[in-house]
Asker: 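My questions will all concern the structure given below.
Basis for what follows: all heavy atoms, side chains included, without hydrogens, waters or symmetry-related copies. The chain is numbered in sequence order, starting from 1. For ligands, and for the atoms within them, numbers begin at 1 and follow the listed sequence.
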Amino acid sequence: MPPKTPIKLGMVAGARPNFMKIAPLMAAFIGDSDFESILIHTGQHYDQNMSESFFRDLRIPEPRYRLEVGSGSHAQQTAEIMKRIEPVLISEQMAGVVVVGDVNSTIAAALVAVKMGIAVIHAEAGLRSFDRTMPEEINRLVVDSISDLLLVTEESGRVNLLKEGREPGSIVLVGNLMVDSLRHNLKEALEADTLERLGIGTERFALVTLHRPANVDDDAKLKEILAAVEEISEDLPLYWPVHPRTRAKINGLGLNSRIHLLDPLGYRDFLHLQAKAAVILTDSGGIQEESTVLGTQCLTLRDNTERPVTIESGTNRLAGTSKSSILDAWRQTRDTPKAGVIPPMWDGQAGQRCHAAIRAFFGLPSGSV
Ligand code: UD1
């Protein structure tokens, strides 16, 4: 018998939060000769510390394709990814494309694939903030509406997709790929000398991250958030690895000396800080999930979240974006920290479940790897 041709599967990553999701997915396909996984890095994020350091820390293999699209407006960036990924999908004759999360790389790759008749598989499907002013919400809605297989991280994802009329058979609860990366790297992260190296020492501290356009591009909102952060810094020092988008906005603002601005950190250093922080103030999506798994108190500087399980059973609280709402949430957290329970299937096995679901999707028996 002639040797079987493996099913070609494109795996797309582009921005920082994609890398910790694509790493366990790539790993789960190692040794499965029924598939050939082809990693495509769009280059949406390209700085050393926003991209390459994650490939190194998470041991992600060298991508077969680097599209090097760089920055631009949403339309420019999305269009550029679409233009550059199309010839790759044509020349490789892929059977499926796996996209993760909700960034511009996710929607661009999914749109090109679906129009070529290539199966689209979305990992982290179904999350909804119900806030259509968020670019990620538009990306999530569009990607889910054109995906053939919807891999969800939490029960709310399944519920949302069913309400939108998706077939129950196309939805699989697989758990959280980001948590796979967390669990695989936590020991090593905790062994690192992060606190010493960053001059934090043994003091209690808060960790801050902020990058959403709605928060940092709106001067009035940014001012409110900074006023709250300044006041919290009277209780404990804050360490803040600053996203490039935010850096341009806060440079020269003269924040007080208990607010320590850092460059973006590598994966393990950041994990270390998340695990050791007394509280995290953030507007990130993924950090809400990571803090829940680590049992660290989290204040989400937004009015909504697409990850309700982190509020319902985790250590996350919605703090809003006004000075008074953030300070109220901070006092509540300080005085009555949430106990928090880790959501079902956030156990480090999501990559294996995705692999099993994708095998089933292509009509392959499970467990024959
Ligand atoms: C993107 C995602 C967001 C995710 C975030 C994580 C979209 C719509 N948004 O937002 O969901 O939470 O990544 O970081 O896809 N820049 C650099 N170096 C880089 C990358 C970006 O300097 O390596 C600067 C550029 O000036 C760029 C700006 O940051 O214009 C924003 O980058 P972009 O990828 O457009 O969006 P993010 O804000 O990073």
Asker: Could you list, one pair per line, each nitrogen or oxygen of ligand 1 together with any protein nitrogen or oxygen closer than 3.5 Å, giving atom names and the distance rounded to 0.1 Å?
Answerer:
unit_1   : atom_1 : unit_2 : atom_2 : d
ligand 1 : 11 (O) : Glu136 : OE2    : 2.5
ligand 1 : 12 (O) : His211 : NE2    : 2.8
ligand 1 : 13 (O) : His45  : NE2    : 3.4
ligand 1 : 14 (O) : His243 : NE2    : 3.1
ligand 1 : 15 (O) : Gln44  : NE2    : 2.8
ligand 1 : 15 (O) : Asn104 : N      : 2.8
ligand 1 : 18 (N) : Asp47  : OD1    : 3.4
ligand 1 : 18 (N) : Asp47  : OD2    : 3.1
ligand 1 : 23 (O) : Tyr46  : N      : 2.9
ligand 1 : 23 (O) : Asp47  : N      : 2.9
ligand 1 : 34 (O) : Gln44  : NE2    : 3.1
ligand 1 : 34 (O) : His45  : NE2    : 3.2
ligand 1 : 38 (O) : Arg245 : NE     : 2.8
ligand 1 : 38 (O) : Arg245 : NH2    : 3.3
ligand 1 : 39 (O) : His45  : NE2    : 2.8
ligand 1 : 39 (O) : His243 : NE2    : 2.9

Asker: When you measure from the side chain of Tyr267 to the backbone of Leu182, do you find a donor-acceptor pair of N or O atoms at a distance under 3.5 Å?
Answerer: yes
Asker: For Thr292 and Thr310, which I'm curious about, is there any donor-acceptor pair between the side chains at under 3.5 Å?
Answerer: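 No, because no side-chain N or O of Thr292 sits under 3.5 Å from a partner of the opposite role on Thr310.
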Asker: With sequence neighbours excluded, tell me which residues meet salt bridge (charged side-chain N to carboxylate O under 4.0 Å, His left out) with Arg197.
Answerer: Asp193, Asp269
Asker: For Arg66 and Glu52, what are the C-alpha separation, side-chain angles and deciding distance, and is it a salt bridge (Lys or Arg N to Asp or Glu O under 4.0 Å)?
Answerer: CA-CA 12 Å; Arg66 287 182 178 271; Glu52 293 320 293; 3.1 Å; yes
Asker: Looking only at the side chains, is there a donor atom on one of Asp180 and Gln349 sitting less than 3.5 Å from an acceptor on the other?
Answerer: no
Asker: Taking the six-membered ring for Trp, are His243 and His45 parallel (under 30°), tilted (30 to 60°) or perpendicular (over 60°)?
Answerer: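 Answer is perpendicular, since the angle exceeds 60°.
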